[in-house]
Structures are given as structure tokens and as C-alpha cells.
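Note sheet for the following structure.
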Amino acid sequence: MAGSLFVHASGSRRSSFEVGGCTETLLRMLPQGERPALAVLTSGGDSQGMNPAIRATVRMGIYCGFRVYLVYEGYEGMIGDGEPPLNREIIREATWASVSNVTQLGGTIIGSARSARFRTREGRLLAARNLVRRGINNLVVIGGDGSLTGADLFRREWPALLEDLHRSGAITERQRMDYGLLHIAGMVGSIDNDFCGTDMTIGTDSALHRIMEACDAIVTTAQSHQRAFVMEVMGRHCGYLALVSALCCEADFLFIPEEPPAPDWPDVMCNHLSKARTQGGKRLNIVIVAEGAIDKEGSPISAASVRDAIVQRLNYDTRITVLGHVQRGGAPSAFDRLLGCRMAAEAVLALVDARADPDLPSTVVSLEANQAVRLNLMDCVQRTKAVNEAIMAKEYARSVELRGKSFQNNLITYRTLKKLHSPAASLQSRTASPTLLVVMVGAPACGANACIRSFVRTGISNGFRVLGVNGSFEGLARGNIRQLTWECVTGLTATGGSFLGTKRATAAEVGLDKISDALAKVGNLSGILLIGGFEAYTSMVQLHESRLTYPVFGIPLLLAPCTISNNVPGTDFSIGADTALNEIAQIIDKLKQSAVGTQRRVFVVETMGGNCGYLATLAGLAGGADAAYITEDKFDLSVLLDDVRHLKKKMADGSAQQIGLILRNENANENYSTDFVYRVFKEEGKGVFDCRSNVLGHMQQGGTPSPYDRNLATKFGVKSADWFLRAHSAATAAATNNSTDGEAVGDAADCGDDIDSLSVDSHLARAGIIGITRRGTAIRPLSELLPVTDFKLRMPRADTQWWLRLRPLLRILAKHESVYESDSVPRTLSEQSFVSDDQVWITLG
């Protein structure tokens with residue numbers, strides 16, 4: 001998912017509103033009491049990431065010229081404002097400082113509740129009265145499908161409710177006329193990720209973090225005692241958490257409501273677990289059970305029944321771990337902080353659009369791959385209900401289809417990797433088999449090993465012999481190559497670093513002649529998978545451009561981008577970047593906490609990233625930074641002094657959290673170094689705040705991979721292996737037909753993807769990069785990416801960087817003046833259903 005969201009799609013509709021534009025200026029020119037009012041509430045179950053969404057709603061709303069109110073305790077608070085038993089104001093006007101220093105907090109600072117009274121018309125009548133008395137007719141609702149359904153019903157009933165209130169004398173005729181329409185914008189806050197129309201809901205990624213932390217801890221004790229563990233995760237009606245958890249922790253078996261097993265599941269499961277130990281050499285078994293798991297007859301499958309089946313049939317020492325509400329707790333992940341911020345900004349802009357066009361339906365802001373979209377709220381609710389109805393009707397294939405392409409592709413990937421024993425060793429090592437080579441190049445990044453594991457196992461299943469190079473191109477030149485077997489990659493998904501070892505030297509720096517000689521000794525070489533950052537990208541270019549001089553380089557080459565810098569062309573996200581963002585966010589949280597007692601302190605923090613400002617910008621947005629200095633956005637001394645003045649003003653406001661945060665990318669400016677920035681702030685801030693400098697260094701490359709990176713790497717590995725299979729099949733077919741023409745290859749049935757072909761020269765198409773783009777996963781030819789590559793700065797050209805569009809939002813949320821354009825795209829659910837979450841295309845000779 002993971003962190004780090006949304007791209008402004010080319011050709012997308014401009015919002016009718018731009019922050020800094022004329023509409024906002026008109027609103028802000030109005031006297032405070034005459035400005036339109038907006039209220040935000042959280043309802044239903046809480047989820048991590050709600051607080052960043054609340055913060056962004058309040059601050060974007062105020063910046064846009066709204067009066068913003070916080071509704072405490074959900075719909076119940078809206079109804080019972082000022083009434084017993086609380087006898088206090090529940091709907092309170094918010095200030096900028098009301099939401100200071102909340103991004104790192106789990107739960108919801110304004111409380112949440114399930115309201116039985118709001119389900120009645122009498123309850124909604126009271127809620128409407130309390131809103132109108134404050135002039136509120138714009139509502140941002142953060143919650144699940146039940147909360148959003150209630151909001152839309154409230155909107156449809158609103159004119160009639162106001163009519164009743166006017167007749168009873170509860171509101172005036174002027175109020176009825178002025179607030180005659182209610183505008184709704186929704187954000188989905190749910191750890192279950194059970195809302196159709198969005199790939200990720202607020203809180204899901206954080207819940208996966210809690211699950212992975214537990215799984216990683218359990219694996220160590222299970223391995224020590226050769227135990228089996230049955231882990232129950234949340235998901236009463238949706239198996240997303242269980243499915244992705246199974247992918248990320250190499251689970252042996254999975255139970256989810258969308259794909260239930262036959263009634264003889266105990267025998268099937270125990271047979272799998274037994275083979276995993278006897279043939280796969282494993283010392284433990286992990287079984288993931290969604291709390292709503294059933295078999296095909298609709299009978300519940302509980303963690304206890306799974307444990308009993310294992311004990312009775314296999315006599316394994318088996319324990320149950322029910323994670324329960326631990327999954328809802330803790331600090332939000334970087335992904336959820338960014339998701340909450342971005343969705344909230346879009347929700348506010350959606351309300352501005354609704355005020356301009358009252359005929360617009362209630363909107364829910366959602367995420368489709370790397371694209372923000374606005375969907376009709378009730379269309380999504382109805383699709384969500386249809387999933388549950390399909391499960392109840394035992395139409396399980398239909399339920400998977402309704403979940404969407406993201407869910408389907410996760411399920412396909414899991415099916416591919418759940419094979420529990422390898423092919424015979426003799427089949428894995430046959431020199432006559434087509435051979436794939438794996439080389440890692442550049443700095444290590446968490447998630448690389450997950451990519452290697454999935455690539456090796458899928459490649460072996462596809463009939464390839466897979467070899468790994470120890471020590472990058474330097475190791476290849478020395479012939480340091482070993483066979484990668486099914487068993488040797490067991491357990492890699494949860495490990496950081498590089499299983500194969502890596503070096504920064506490019507192919508040309510090591511010597512193309514040496515590499516050519518080494519590759520010539522590899523029998524039946526059918527392709528090379530490079531895993532790494534810009535060094536790997538540069539090496540691919542060098543090999544590809546030298547293929548006429550060294551014919552052995554003419555084989556298919558594919559790059560899986562893996563770098564915390566996220567500076568590889570052809571992808572919006574690289575493996576490892578999400579883990580690095582989480583490491584930075586956690587460190588920032590600790591730094592800010594250290595200054596709570598001191599107050600009036602500014603931290604200057606240096607992040608990695610080379611010349612790419614991705615980490616500094618996204619970490620700044622996730623951590624609530626006041627500024628982030630990067631190479632792509634030029635700055636000078638006047639900018640630094642303006643930010644000093646901004647912080648002085650912030651510190652003078654005693655109502656705000658008096659802590660400042662400045663991030664700087666390591667290569668932002670050769671003259672304005674981190675030490676220089678620190679000294680400027682320290683000197684100019686004398687008497688108002690003190691200053692501390694922190695260089696985070698290689699902590700950003702360490703740790704265990706985040707769930708997002710594990711999932712992304714696993715998908716990249718599987719799709720890369722399938723791509724090489726299609727490439728090999730196409731080459732074999734072309735040789736058989738004695739044809740030299742390039743062919744579009746691929747069959748959607750091969751890997752469950754929609755395949756688009758590109759008409760490019762066959763030689764150019766032998767090199768590609770797999771990555772996440774606007775609407776899904778794609779493999780793009782190298783020839784398309786060379787023109788948009790800045791080789792001097794070692795990154796994509798700045799005008800192609802999607803995340804640069806988020807920088808104005810960072811400034812706005814830190815109370816700077818800036819101009820921000822909506823990057824969401826209006827879309828219907830039917831349009832969305834025809835778009836594949838994972839599209840893989842390339843033409844091969």
C-alpha cells in the first residue's frame with residue numbers, strides 16, 4: 001500500500017476549487033460568523049489513522065475558509081449535545097491548535113460510538129437541530145459502511161427534517177432556508193478493509209503491522225519447540241487481513257470467508273502441514289484464521305476447531321493466539337497517516353464542489369492503486385452489502401469478484417505460493433532447464449528477500465532453474481553463483497537486509513567483458529532479474545546498450561525496484577521505501593515526545609534518499625513537519641529565514657504544541673547542509689526556541705520489512721517470474737516458427753492479469769521495469785523510461801514525480817500559505833470494476 005499515496009492522473013478533472021484560488025479567497029474574506037460551517041465525526045469501530053484524517057480535515061477546512069467543528073462521540077454526540085447524562089457541549093468549534101501533535105496517536109481523539117438513537121427518525125431530528133443551530137450543513141464522516149449509510153440517509157432526509165423543526169419552532173425560517181441542503185463527504189475508517197470501491201481503508205495497514213509483529217514473534221518460539229500456531233485475526237465478513245497476513249508471514253494454511261474449504265478441510269489441512277515438515281524441512285506451522293471463516297456449507301471454522309483437528313490427526317503441540325483488539329491499537333503506520341491526510345484534504349474539496357453543485361451525490365474518497373478517486377457513496381455501500389449477500393448465498397466466486405481486483409490478485413498470489421513442497425531436487429537442478437539469474441545491485445532495502453523468495457518459488461514452479469549471484473556484479477565476475485532451491489528461501493519474507501549480498505558497483509564499473517564471460521558459462525540462460533535501486537537501473541541500461549557487442553546480454557532483463565530512496569524510473573513505489581518511512585516516522589515520534597517537557601524546541605532531521613526528496617517529503621507529511629527541504633524544490637536563505645519566522649510565530653501561540661520539525665534530504669543543497677540549517681535556526685531562534693540536529697543515517701535501511709513492502713515484494717517476484725515464463729514461451733514459439741518479428745505475449749489466464757501489449761521494437765522490449773503506476777502494476781519497456789531519467793541526479797525527472805504534488809499539502813497543514821490542486825478523479829463504481837488492479841504488459845521478441 002505502502003506508504004506514500006495517490007498520483008494526479010494526466011487528463012483528470014480539475015477540482016472546481018483550488019486552495020489559494022478565488023473560491024477560497026471569497027470564503028476567507030467573509031466575517032468569521034458568516035463563513036460556512038463544516039463538522040467532522042468518527043463513527044463505529046475506531047482505527048489507526050483517524051487522527052491524521054481529523055487533523056487534515058480541520059486544518060484544510062480552516063484554510064479553505066470554513067468554520068470547523070468537532071463532533072465528539074460520533075452520531076450519539078451529535079444527538080445528545082448538551083443533554084444528560086453528559087450535560088456538556090459535544091459539538092465544539094475547532095482551532096488550528098485543537099489538532100496539534102495528534103498524527104502519531106492511535107484511536108480517535110474525538111471518540112466514537114455506535115448510536116441506536118441515530119437509527120430512528122427522532123434521533124436524526126435532534127441531530128439536525130443541533131447542527132443547524134451552529135450553522136453546520138457540511139459533514140465529513142469517517143467510519144465504516146454502516147456509518148456512511150447513516151450519513152447518506154441523513155442527507156436525503158435533511159430537507160424534511162428541517163421542515164419538521166421549523167414547524168415545531170426549533171429553528172427559524174431563515175435557518176431553514178440558509179441550511180436547506182446537507183453536503184456529505186465520507187472517508188472509510190476500518191481495519192477490516194471490507195468496503196468495496198477502495199483498495200485500502202484507513203487503519204488496515206496499521207492493523208497488518210500489529211499482526212506481523214505478533215507473527216514474527218510467534219515464529220521464533222514456534223520454531224524452538226516445533227509447534228503449530230493457529231492465529232485468529234479480525235475480519236468478521238472480510239478476509240483481507242487474514243489473506244495479506246498469510247502472504248506476509250509465509251503461512252501454511254489460510255481460512256477466509258470468501259474462499260471457504262470443503263467440509264473435509266481438516267484432512268486436507270493436516271496433509272499440507274505434514275508435508276511442510278516431512279518434505280519441506282520446516283519445524284513449525286502457522287495457520288491464519290479470519291474470525292468469520294466458514295466452510296463451503298456455511299459452517300463456522302473457529303481457531304479452536306483448527307487446533308483440535310491438528311492435535312487429533314497429527315499430534316502436534318498446537319497453540320492458539322487470538323489477537324483481538326490489539327489489531328486496532330498502537331500508533332498508525334506511515335501509510336495510514338498519509339492516507340488519512342490525503343483523503344481528508346480531498347473530502348474537504350469534495351464538499352466545496354458539492355456547495356457549488358448541489359446535485360452531486362454523497363461522495364466517498366477512496367484509493368484505487370495509486371490514484372485518488374471520488375465515488376458515489378451509496379454505490380459503494382450497495383456493493384459492500386452484495387459481498388455479504390453472496391457469501392450468505394454460498395456464491396463464493398462472486399464474493400471474490402465483488403471484492404475487486406486488489407483482493408483477487410492477493411488471492412492469486414497466495415495460491416501460487418502456498419505449495420508446501422518443492423519439486424524433486426533433480427528437477428530443480430537440471431542444467432538442461434531454462435535458467436534465470438537473480439542479481440541484487442546497490443544499497444540494501446527491506447523487502448528484497450521477500451522478492452527473492454517469491455521469484456525463486458514461482459520460477460521453479462514454472463519449470464526454471466534459478467541461480468543467485470552472491471555479491472552483485474563483483475560476485476558474478478568471480479563466478480560466485482549458487483543454485484537457489486525451494487527450501488533455501490524458506491523464511492526469507494520477514495528478514496531485512498540482502499540474502500544474496502549486494503554491492504554498489506554497476507556492471508560497467510566491474511567490467512562488461514568480465515560479466516559477459518561469466519554469463520557465457522551459465523547454461524541455458526533465459527533471463528536476468530535485477531533487484532535494486534538506481535545502480536541496478538544504470539546496470540540494466542549498460543547491459544542492454546551493449547547487447548550488440550556482447551550478444552549474451554540480448555536475453556530478457558527485468559528490474560524489480562528496491563531502494564529506500566524511491567528514485568527508480570517506471571514506478572511510483574520501490575520495495576523498501578515504506579519500511580524506511582515507518583522507521584523515520586517512529587523516530588520523529590520519539591523526538592517530539594522527548595521535547596514535550598521542554599517545549600519550544602525545533603528539531604532539524606536529515607533523511608536519506610540521495611538526490612530524491614521522496615523520504616523527506618512523505619515523512620514530513622506523516623510526521624507533521626513544518627518544512628521539508630529537498631533537491632527538487634529549490635530553496636535559499638530567504639526560505640530558511642521565512643520558516644524561522646513562521647516557527648517563532650507558532651511558538652508565540654501558547655495554545656499550540658510548541659515543537660517544531662524541519663526535515664532535510666541528505667543532498668538537498670551542497671551549501672545549505674544539515675549543520676548549516678541547524679545553525680541558522682539555532683541563531684535566529686535565540687530567545688524563542690532552542691534547536692537540535694539529528695542525522696538518522698542507516699537506521700532507515702534496517703529493521704524488518706513492513707507489511708506493505710512484504711506484499712509488494714512478493715507480488716513483484718511472482719509477476720516477474722510469470723513474465724519470464726511468457727517471454728521464454730514467446731521466444732520458443734518464435735524459434736519454432738522461424739520468425740524474427742516481435743510478438744505481443746501473454747495470456748490473461750496465465751497469472752490472472754489483464755494484459756495490454758505495446759508495439760515496440762523487439763530489441764528494445766527485452767529490458768523492462770516492473771512497478772506500481774497510476775492504476776496498477778505494470779512492466780514498462782526501458783525505452784519508454786530513458787527519456788524521463790535524469791542520470792546526473794540519479795532519479796526520474798522532477799516533472800514526472802507524483803509525490804511532488806503533495807508538498808503544498810504539507811505546507812498547508814503546517815499553516816503556511818500555499819496552492820494545492822485536487823488530484824482526485826471522479827469515477828463510477830462500474831468504471832472502476834473494469835480496471836485491473838494489476839496490469840502487466842510488454843512486447844518481447
Side-chain angles (χ1 to χ4, degrees), residues 5-6 8 13 15-19 23-24 27 36-44 47 49-71 74 94 99 103 108 110 136-145 147-152 154-155 182-190 195 197-198 200-203 336-357 360-368 371-378 380-381 621 806 808-809 812-813 820-827:
L5 307 173
F6 302 112
H8 183 285
R13 176 183 69 88
S15 172
S16 62
F17 178 90
E18 289 186 19
V19 179
T23 307
E24 173 265 342
L27 289 179
L38 176 157
V40 58
L41 64 92
T42 53
S43 177
S47 61
M50 283 184 168
N51 288 329
I54 294 167
R55 171 180 176 267
T57 301
V58 169
R59 293 190 170 182
M60 178 63 90
I62 292 173
Y63 196 88
C64 291
F66 286 98
R67 289 178 294 120
V68 182
Y69 288 83
L70 298 174
V71 180
V99 288
T103 57
T108 164
I110 57 177
I136 300 169
N137 67 333
N138 301 279
L139 203 57
V140 173
V141 180
I142 309 172
D145 61 326
S147 302
L148 297 177
T149 300
D152 188 73
F154 195 32
R155 174 183 182 268
L182 178 65
H183 309 294
I184 300 288
M187 289 180 272
V188 190
S190 168
F195 193 82
T198 185
M200 288 290 277
T201 58
I202 296 171
D336 276 328
R337 299 183 198 196
L338 294 165
L339 182 61
C341 287
R342 196 62 194 89
M343 282 189 166
E346 292 297 335
V348 172
L349 299 188
L351 290 178
V352 175
D353 282 347
R355 289 178 59 80
D357 184 0
L360 287 175
S362 298
T363 296
V364 61
V365 181
S366 68
L367 173 67
E368 182 184 339
Q371 175 68 61
V373 295
R374 296 185 192 178
L375 295 171
N376 183 302
L377 189 154
M378 287 312 298
C380 296
V381 169
L621 191 56
L806 300 184
L809 181 60
I812 289 169
L813 297 184
Y820 175 75
E821 182 181 338
S822 170
D823 66 0
S824 65
V825 175
R827 187 171 293 142

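No hydrogens, no waters, no symmetry mates; every other heavy atom, side chains included, goes into these values. The shown structure was predicted, so the numbers you read here are calculated from the model rather than taken from an experiment.
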Roughly how far apart are T57 OG1 and E346 CD, rounded to 0.5 Å?
11.5 Å
Quick one: pull up CZ in R155 and CG in N137 and give me the separation to the nearest 0.5 Å.
11.5 Å
My understanding is that only residues two or more places apart in sequence, or in another chain, count here; which of them pass side-chain hydrogen bond (donor to acceptor under 3.5 Å, both in side chains) with S43?
S147
Tell me the closest heavy-atom pair linking I202 and G49, and the distance in Å.
CG2-C, 3.4 Å
Apply side chain to side chain contact (heavy atoms under 4.5 Å, CB included) to residues R59 and V348 and explain how you reach the verdict.
CA-CA 10 Å; R59 293 190 170 182; V348 172; over 6 Å; no
To the nearest 0.5 angstrom, please state how far the OG1 atom of T201 sits from the CE atom of M187.
12.5 Å
Check: A185 main-chain N/O paired with T363 side-chain donor or acceptor under 3.5 Å
no
Roughly how far, to the nearest 0.5 Å, is the CG atom of L338 from the OG1 atom of T103?
10.0 Å
Listed partners of R55 passing side-chain hydrogen bond (donor to acceptor under 3.5 Å, both in side chains), at least two apart:
none
So, for S366 and L375, which heavy atoms are closest and what is the spacing to 0.1 Å?
OG-CD1, 3.5 Å
Checking A37 now: which residues fulfil side chain to side chain contact (heavy atoms under 4.5 Å, CB included) with it, not counting sequence neighbours?
R67, Y69, I136
Evaluate side chain to side chain contact (heavy atoms under 4.5 Å, CB included) for M60 paired with L809, printing each intermediate quantity in order.
CA-CA 9 Å; M60 178 63 90; L809 181 60; 3.6 Å; yes
Might you work through the side chain to side chain contact (heavy atoms under 4.5 Å, CB included) test for L70 and V40, ending with a clear yes or no?
CA-CA 5 Å; L70 298 174; V40 58; 3.5 Å; yes
Provide the closest heavy-atom pair for A53 versus I142 in the form atom of the first, atom of the second, distance.
CB-CD1, 3.9 Å
Working for side chain to side chain contact (heavy atoms under 4.5 Å, CB included), residues V141 and L148
CA-CA 7 Å; V141 180; L148 297 177; 4.0 Å; yes
Across all chains, not counting sequence neighbours, the side chain to side chain contact (heavy atoms under 4.5 Å, CB included) partners of A56 are C341, A344, L813
Holding to side-chain hydrogen bond (donor to acceptor under 3.5 Å, both in side chains), I want the full list of residues that pass it with T108, two or more places apart in sequence or in another chain.
T42
Please list, chain by chain and in numerical order, all residues satisfying side chain to side chain contact (heavy atoms under 4.5 Å, CB included) with L360, sequence neighbours excluded.
D353, D357
Supply the atom-to-atom distance L377 CG to I184 CD1, rounded to the nearest 0.5 angstrom.
8.5 Å
Between V71 and A39 the two heavy atoms that sit nearest each other are CG2-CB, 3.9 Å
Looking only at heavy atoms, what is the nearest atom pair of L182 and N138, with distance?
CD1-N, 4.2 Å
Rounded to the nearest 0.5 Å, the CG atom of D152 sits from the CG atom of N376 at a distance of 7.5 Å
